[in-house]
4 protein chains.
Amino acid sequence: MNEVRSTRRRQAEQRRVQLIDTALNVFAQKGLDGATVKDLSEAAGVAQGLLYHYFRSKEDLLRAALERHYFLPELRRITSPDRDRPAQEVLLDVSQGFAAMLRERRPLLQVMIREAPTNPAVAERIARAQRESVRLLSDYLGSRVEAGELRPHDTQATARLLLYTVLMSHLTDTLDQPFLTAVVETILHGVAAR
Amino acid sequence: MNEVRSTRRRQAEQRRVQLIDTALNVFAQKGLDGATVKDLSEAAGVAQGLLYHYFRSKEDLLRAALERHYFLPELRRITSPDRDRPAQEVLLDVSQGFAAMLRERRPLLQVMIREAPTNPAVAERIARAQRESVRLLSDYLGSRVEAGELRPHDTQATARLLLYTVLMSHLTDTLDQPFLTAVVETILHGVAAR
Amino acid sequence: MNEVRSTRRRQAEQRRVQLIDTALNVFAQKGLDGATVKDLSEAAGVAQGLLYHYFRSKEDLLRAALERHYFLPELRRITSPDRDRPAQEVLLDVSQGFAAMLRERRPLLQVMIREAPTNPAVAERIARAQRESVRLLSDYLGSRVEAGELRPHDTQATARLLLYTVLMSHLTDTLDQPFLTAVVETILHGVAAR
Amino acid sequence: MNEVRSTRRRQAEQRRVQLIDTALNVFAQKGLDGATVKDLSEAAGVAQGLLYHYFRSKEDLLRAALERHYFLPELRRITSPDRDRPAQEVLLDVSQGFAAMLRERRPLLQVMIREAPTNPAVAERIARAQRESVRLLSDYLGSRVEAGELRPHDTQATARLLLYTVLMSHLTDTLDQPFLTAVVETILHGVAAR
DNA sequence: GATGAATGAGTGTTCATTCAT
DNA sequence: AATGAATGAACACTCATTCAT
């Protein structure tokens, strides 16, 4: 009896997850407004009404997706490298880790970036992620300045330079290994002769 | 009579321009889907029907806006500096010029970026602008390598590093003079000690 | 075993009754259309599906409620006073008895009156109750005319006058003892001077 | 030009009125919830969307109908007879006038009575009409007491007795001239023998 | 008996577009 | 050129009902 119930609950939870994940993909392809509830239910292979059994509205479905794919902790980890490791090595790691996260979260991020201008909740999440990742990476760079590996400089600017560039190249589908290597090399040693 | 006609034509042209520009602002605020024809006509202070006198459809209105605010030539100019001027000076000029253009075209760019994922025509315009500006700036950098000011390196990567960063900081509303200066400084000399 | 069965049956019957009575209250508050099956099941503290175990449909639930709270016999009793008792005494009794019945059956009557215009079965029940109660009370009044207590007159009109007034004052929540007394007094002796 | 505009406006106003009046009839037949917007638009011979050009919502359409068919002034007039005319004559006038008004406003009143239990605004209108008409008629009766035509008594109760009865007989479709005559006769002289 | 997940027809409402004036 | 009434196809959402468990 309890087993039956918990099986049902588990199935319901699976269905919830399935609905969220298919919705996220449809949202990414067509946009939040462009994706109709019919699109969403057909993509999930269920009746339209079922969506409203699990979510109050289309907007609520988006909220649930943001919840489920919450990425701030991972982003924090990526931008908090061991302060004793050299920047030479770490900056490549960070940019690769960040790029990998972007790749894995592609649909979510596409949707968030698209909806941010009209959805304050989404905008705030993005702003927060940006603030925190820049601060953490900047802190790490500061420690490398203290360690004497890097010269004293505006470490926030450097953090932004790296993160912005990785994000933009991801968004424009022009992110590859050679580019990341070149970016890190440039950030460390510049392109001026000598 | 001819004067009357040309006056009318001029008035019609003015109205067209007014409709396009108010539409662009409304699109930027509410998104293309989010902006109703009623929103557009009210913002312009005209009846709904009038929009269809000047444009076939909402989509056509967007096309006209893209046409009117065509920015590729300006972007080309910005990213084609005099090859004899030193990078030290030019890179700051370019980033400032690019930033200024972004600032002036803010509503247009907001709309384009938002619609690109679902509108291939828009996506293609963005891709082209990116391709050309990267190529032009990269070419300039190549000439500075030849001139001996810069060391041999992946100049495309450098061009992208600069342009991506300026664009991202514009989009996130974190673009200011000190940041640009720091970015150019870093690109030229890196942040490594020594 | 038999006991178990009959216990079950009794429980089932209790559940049926519970469902009917909570439904009646919800119907009274929100109207038949306004009350959703979810409202009904939540009010009864059961799952939606269970309602369909006991009733074929929402409509059927209403039918069952009408059945269970069938009030015609009681109304007949109230409007069939002992023909030998004086009208002076009887009319107050009748109006009080009728008022008490209306009070006890408030939710049912609210629902019936509300649904009558679109539900012929309900309309017919009301019409029948009206017909019978008017006839019975009219017959009593006729007997009091014969007994010489009342003057010859349209006794149907008098019956309607009394019953309509009690019902309306019930519906408008303005039914109290002084009013009933005044009504009976007026019906018997009128308000003209002399 | 002005004529064109005002013609258009007049036509729009006519359309508004037509929509309200056909809607009122459909509401009366099917109830507010039971009447779909499709029903309403078909009854008016227009597209569904047009209803929303004139009214914000179905509920707003009801509000407009209540507004348009506002009957309180007429009811006040009916229940404010000349204080010098004898009750014998006046009470018949009042009941006939009230009955006529009910007949003319049948659909409106059907809808109002039906919606009152779930629509406070409607309930309040009914309550107010009741309060005012009872008070006005009661005041008249008071003046007839002072004039010596009627004996001192609860004039409010008498007013309610008359108005409630007329309304109820209207609602039950049992309102005819003989009944009104009998009611007035009874109210004035009662049914007790001598 | 009881649950609640699942269905799908239908609802009120929106909105780009057309058209008579 | 300009209006705004009118259309009708879509839309998000609701809800009575069914059904597997």
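Throughout, a chain's letter reflects where its sequence line sits, starting with A, and its residues are numbered from 1. Below, each value reflects all heavy atoms present in this structure, side chains not excepted, and no hydrogens, waters or symmetry copies.
Among residues two or more places apart in sequence or in another chain, the side chain to side chain donor-acceptor pair (under 3.5 Å) test is passed with B:Gln18 by B:Arg15. Not counting sequence neighbours, the partners of B:Ala12 by the side chain to side chain contact (heavy atoms under 4.5 Å, CB included) test are B:Tyr54. When the side chain to side chain donor-acceptor pair (under 3.5 Å) test is applied to C:Gln110, no partner is found at least two apart in sequence or on another chain. With sequence neighbours excluded, the residues that form a side chain to side chain contact (heavy atoms under 4.5 Å, CB included) with B:Glu104 are B:Glu74. Under the rule for a side chain to side chain contact (heavy atoms under 4.5 Å, CB included), the partners of A:Asp60 that lie at least two apart in sequence or sit in another chain are A:Phe55, A:Arg56, A:Ser57, A:Arg63. Residues satisfying the side chain to side chain contact (heavy atoms under 4.5 Å, CB included) criterion with D:Pro107, sequence neighbours excluded, are D:Leu24, D:Asn25, D:Ala28.
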Run the side-chain donor-acceptor check on residues 121-129 of chain D: report pairs under 3.5 Å with partners two or more places apart or on a different chain.
{"residue": "D:Glu124", "atom": "OE2", "partner": "D:Arg131", "partner atom": "NH2", "Å": "3.0"}
{"residue": "D:Arg125", "atom": "NH2", "partner": "D:Glu67", "partner atom": "OE1", "Å": "3.4"}
{"residue": "D:Arg128", "atom": "NE", "partner": "D:Glu132", "partner atom": "OE2", "Å": "3.2"}

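Residue C:Tyr52 places none of its side-chain N or O atoms closer than 4.0 Å to OP1 or OP2 of F:dT18.
Within the structure, side chain to side chain donor-acceptor pair (under 3.5 Å) contacts touching residues 40-51 of chain C (residues at least two apart or in different chains) do not occur. The list of salt bridge (Lys or Arg N to Asp or Glu O under 4.0 Å) pairs with a residue in residues 43-53 of chain C, not counting sequence neighbours, is empty.
Within residues 115-123 of chain B, no residue has any heavy atom under 4.0 Å from DNA chain F.
Distance, D:Arg10 CZ to F:dA5 P: 15 Å, rounded to whole Å. Taking atom CZ on D:Arg16 and atom C1' on F:dG4, their separation rounds to 16 Å, with Å as the unit. Rounded to whole angstrom, the span from the CZ atom of B:Arg56 across to the P atom of E:dT18 amounts to 11 Å. Between the CD atom of B:Gln11 and the C1' atom of F:dA2 there is a distance of 13 Å, rounded to whole Å. Distance, B:Glu42 CD to E:dT14 P: 14 Å, rounded to whole Å.
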Please tabulate, one pair per line, each protein N/O and nucleotide N/O from nucleotides 7-11 of chain E that are separated by under 3.5 Å, including the distance.
{"residue": "E:dT7", "atom": "OP2", "partner": "A:Ala47", "partner atom": "N", "Å": "3.0"}

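For DNA chain F, runs of at least 3 consecutive pairs of the Watson-Crick or G-U wobble type, with both hydrogen-bonding distances under 3.5 angstrom, map to E:2-21 with F:2-21.
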